[in-house]
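Below is one structure, written out as structure tokens; comments come after it.
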Amino acid sequence: MLWDLIKAFIVGGAICAVGQLLIDYTKLTPARILTSFVVAGVILSALGIYKPLVDFAGAGASVPLTGFGNLLAEGVRKNIDKDGFLGIFTGGLTSSAAGITVALLAGLSASAVFPQKDKS
């Protein structure tokens, strides 16, 4: 179990380090970097590279935004096999619905607990 934690920390840390380097040394906005990470996850998944990384690092590869892109791509791939052309449109949302729901509910809960303050 300790070795699994170490692998997750190293891979997840490397992904985050790439993001930090992009923030520090490029003029890319955080929104573009986050979007790029999701797209990179989709591309790496389509090339068959991301699945072995998830198998190796577990949460270190599946939790960052590249993992979200991988989840979208895998959902589309599965639903295309099941539903044909319609799976292109439904697969990504079907596979990521639970995560999106939790994120929305966590944001709603945080906004109720911590009221917004005006910047002065």
### Query
Could you state the interatomic distance from CG (Leu28) to CD1 (Ile33), rounded to the nearest 0.5 Å?
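Going from the CG atom of Leu28 to the CD1 atom of Ile33 covers 5.0 Å.
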### Message
With rounding to the nearest 0.5 angstrom, report the OH to OG distance, Tyr50 to Ser62.
### Response
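Here the interatomic distance stands at 7.5 Å.
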Test side-chain hydrogen bond (donor to acceptor under 3.5 Å, both in side chains) applied to [X] - qualifying residues, sequence neighbours left out:
| X | result |
| --- | --- |
| Gln116 | none |
| Thr35 | none |
| Ser45 | Asn70, Glu74 |

#### Entry: Partners passing salt bridge (charged side-chain N to carboxylate O under 4.0 Å, His left out) against Lys51 (at least two apart in sequence or in another chain)
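Applying salt bridge (charged side-chain N to carboxylate O under 4.0 Å, His left out) to Lys51 gives Asp55.
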### Query
Sequence neighbours excluded, which residues qualify as salt bridge (charged side-chain N to carboxylate O under 4.0 Å, His left out) partners of Lys7?
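Here the qualifying residues are Asp4.
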### Message
So Thr66 and Val38, do their side chains get closer than 4.5 Å, heavy atoms only?
### Response
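Side-chain contact under 4.5 Å: no.
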### Query
Mind checking whether Phe37 and Val18 have side chains closer than 4.5 Å, heavy atoms only?
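In short, these two side chains touch, coming nearer than 4.5 Å.
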### Message
Show every salt bridge (Lys or Arg N to Asp or Glu O under 4.0 Å) that has at least one partner inside residues 14-29, sequence neighbours left out.
### Response
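Output for this query is empty, none listed.
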### Query
Do any pairs count as a side chain to side chain donor-acceptor pair (under 3.5 Å) and have a residue in residues 80-108, sequence neighbours left out, and if so which ones?
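Side chain to side chain donor-acceptor pair (under 3.5 Å) check on residues 80-108 returns Asn79-Thr90.
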Membership question, hydrophobic clusters at under 4.5 Å side-chain separation (ILVMFWY): are [Y] and [X] in the same one?
| X | Y | value |
| --- | --- | --- |
| Leu2 | Ile10 | yes |
| Leu93 | Leu104 | yes |
| Val39 | Leu72 | yes |
| Leu22 | Tyr25 | no |

Counterpart residues, side chain to side chain contact (heavy atoms under 4.5 Å, CB included), relative to [X] (two or more places apart):
| X | answer |
| --- | --- |
| Val63 | Ala59 |
| Val11 | Ile15, Leu53, Phe56, Ala57, Ala61 |
| Leu34 | Leu65 |
| Leu47 | Ile43, Ile49 |

#### Entry: Shortest non-hydrogen contact from Val42 toward Gly69
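Scanning both residues completely, I find the closest heavy atoms to be CG2-O, 3.2 Å.
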### Query
Using a side-chain heavy atom cutoff under 4.5 Å and only I, L, V, M, F, W and Y, what cluster partners does Phe114 have?
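ILVMFWY cluster around Phe114 also holds Val113.
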